[in-house]
Novice: 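Sending over a structure as structure tokens; questions will come in a sec.
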Amino acid sequence: MPSFIDRVVLHVTGGDGGDGCTSIHREKYKPLAGPDGGDGGHGGDVVLVADPRTTTLLSYHRSPHRRAGNGTPGMGGWRRGADGEDLVLPVPEGTVVKTADGALLADLVEPRARFVVAAGGTGGRGNFSLASSRRRAPGFHLLGEPGESLDVVLELKTVADVALVGYPSAGKSSLIAAMSAARPKIADYPFTTLVPNLGVVEAGQIRYTIADVPGLIPGASQGRGLGLEFLRHIERCSVIVHVLDCATLEPGRDPLSDLDTIEAELAAYSGRLGEQEDDPALTGRAPLMERPRVVVLNKIDVPDAAELADFVRADVQARGLPVFEVSAVARTGLRALSFALADLVETARREASARTGPDRPVIRPAPVRRRGTEPVAEVSLIRHPAEGEVYQVRGVKPERWVRQTDFTNNEAIGYLADRLAAAGIEDQLVRAGAHAGDAVLIGDVEGGVLFTWEPTITAGAELLGARGTDVRVEDHRRRRTNVERRARYHESMDAKEAARQELRDEAAEGLWTDPGWDGQS
């Protein structure tokens, strides 16, 4: 069973809103004292919070399905339903939230940073809040909306100032153990480090964090070894330290070739990063391949390694890279290295602060325009797989109104018709070419509501009957199917033909004569 997980797919669902309530207030001498149905409670949100005490995404790997609490229905006596409880999910600092398609949603770097990943549904309105001067005692309520449901990808990218990169067994874990209080696993075989290790280093007045990234090998950017799984942990680092093994006995390897190989893998990985992950204007950091490099020639406590370090030092310096000869085991050269890294980190912090500028609130006022200048929905003629040509209505408001409507209540259906007419949906249908009796779809092809359109007469007091009824939809509680419409059409045609035949028979019998009648038309 793994103990460290840095990438999971999380299935989150916000809580459903509670339904409103239909109720009439009753008391002594006032059996019908008006509507008193309360609104339903709102559903809870699913919230991600960056928690410094959380270091892995393991709990979400084991339980990837998470759901917030539902709101409770409204009640009579003007009592509102309780809101659903928010579901707060702690994640490590440096967690990136993406959609299944890879679009960036949030980057939780700062401690206690919050992001609502799935919003809860809105509670339905009770009949008390639906009352108006025309509809004084509504016999219906609105339904609560379902919570938002989606799949998101959580990726953990270590928040560290310095990243140690190099071949397996180059001495990275020994180096971080010697420079900080971290105690990673150290052994004399490759891929000892299976998870990134973090340590805190203090050099004078400067404190910075250092990360030990699992060993890289040729092809790491393409998935070989463990590189592809952990290269993301160097994206946030300000300084990259190449730890080169000067005591390796593997044939075909030397410090210079190791340096070229790791640089090639970093360049390949940098080319795969998107604009949102490597753009200085968005991240506040320099691009990955432009960040400061430091070369550490390790294991100089071995005589042959010390000679090799002296031999390659000039070649590395010729590339413009600072070089440090150290021994993590003998703790040689570590003080100079720690202070040099502190200076580079401090410089990177100043440059990042200058690049991003001071934190200021950004205010974007809404544009001033007259009400009603933009339609609330779009109407288009589409080909439905089962119904043929239908007029589709897409828009946030009409689709929400449909979700809130109780289609078992005629008065609720009439209220929906009034809302659609007031929003100008019917005018758009006329402009799109729709006629009475045409099929109209509100929402997506799958899951939308399909009905036969009849131009609406806005409900007034004279059209409202008993509670829960509406004379405009009393005879249309169920939409006719295509088979029923065709049968009704054939019945009408048969009746017309029977009437014509009766006239022909009467004319043939001489019951009446008409010079213009030939018995055919």
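None of the values given here were measured: they were computed from a predicted structure.
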Novice: Give a yes or no answer on whether the side chain of Arg400 reaches the backbone of Lys397 with a donor-acceptor pair at less than 3.5 Å.
Specialist: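 No: the side chain of Arg400 does not pair with the backbone of Lys397.
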
Novice: Are His11 and Asp151 linked by a side-chain donor-acceptor pair shorter than 3.5 Å?
Specialist: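 There is such a pair (donor and acceptor under 3.5 Å, judged by atom type) between the side chains of His11 and Asp151.
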
Novice: Can a side-chain donor-acceptor contact be found between His42 and Thr122 if the only test is distance below 3.5 angstrom?
Specialist: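 Checked: Thr122/His42 side chains show no N/O donor-acceptor pair below 3.5 Å.
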
Novice: Do the side chains of Glu145 and Arg403 get close enough for a salt bridge, i.e. N-O under 4.0 angstrom?
Specialist: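 Salt bridge: yes.
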
Novice: Evaluate Asp36 against Arg79 for salt bridge (charged side-chain N to carboxylate O under 4.0 Å, His left out), listing each step before the verdict.
Specialist: CA-CA 8 Å; Asp36 67 347; Arg79 290 175 295 175; over 6 Å; no

Novice: Once salt bridge (Lys or Arg N to Asp or Glu O under 4.0 Å) is applied, do any residues pair with Asp16, and if so which ones, sequence neighbours excluded?
Specialist: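 Residues passing salt bridge (Lys or Arg N to Asp or Glu O under 4.0 Å) with Asp16: Arg67.
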
Novice: Can Asp107 and Lys157 be counted as an ion pair, charged N to O under 4.0 angstrom?
Specialist: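 The answer is no: the pair does not qualify as a salt bridge.
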
Novice: Using a 3.5 Å distance criterion without hydrogens, assess whether the side chain of Tyr391 forms a donor-acceptor pair with backbone atoms of Gly433.
Specialist: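 Present.
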
Novice: Could you tell me whether Glu85 atom CD has more than 12 heavy atoms of other residues or ligands within 6.0 Å of it?
Specialist: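 No, because the 6.0 Å sphere around CD of Glu85 holds 12 heavy atoms or fewer from other groups.
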
Novice: Are Asp101 and Thr99 close enough that a side-chain donor and a side-chain acceptor fall under 3.5 Å?
Specialist: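 On atom types as modelled, these side chains do not qualify, holding no pair under 3.5 Å.
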
Novice: Cut-off 3.5 Å, side chains only: do Asp39 and Ser129 have a donor facing an acceptor?
Specialist: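 Present: a donor and an acceptor within the cut-off.
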
Novice: How would you list, by chain and number, every residue that makes a salt bridge (Lys or Arg N to Asp or Glu O under 4.0 Å) with Asp51, sequence neighbours excluded?
Specialist: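 Checked Asp51 against salt bridge (Lys or Arg N to Asp or Glu O under 4.0 Å); matches are Arg53, Arg112.
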
Novice: Do the side chain of Asp86 and the main chain of Val88 share a donor and acceptor less than 3.5 angstrom apart?
Specialist: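 Answer holds: no.
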
Novice: Above 12 or not: heavy atoms from other molecules or residues under 6.0 Å from OH of Tyr208?
Specialist: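 More than 12 within 6.0 Å, yes.
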
Novice: Find out whether Leu344 and Val162 are in side-chain contact, i.e. whether some heavy atom of one side chain is under 4.5 Å from a heavy atom of the other.
Specialist: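 Result no, sub-4.5 Å side-chain heavy-atom pair not found.
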
Novice: Would you call the rings of Phe140 and Tyr415 parallel, tilted or perpendicular if under 30° counts as parallel and over 60° as perpendicular?
Specialist: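 Ring orientation, 0 to 90° scale: tilted.
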
Novice: I'd like to know if the side chain of Asn409 reaches the main chain of Asp406, judged simply by a donor and an acceptor atom lying under 3.5 Å from each other, with no hydrogens or angles considered.
Specialist: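 Flag not set: sc Asn409 to bb Asp406 has no pair under 3.5 Å.
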
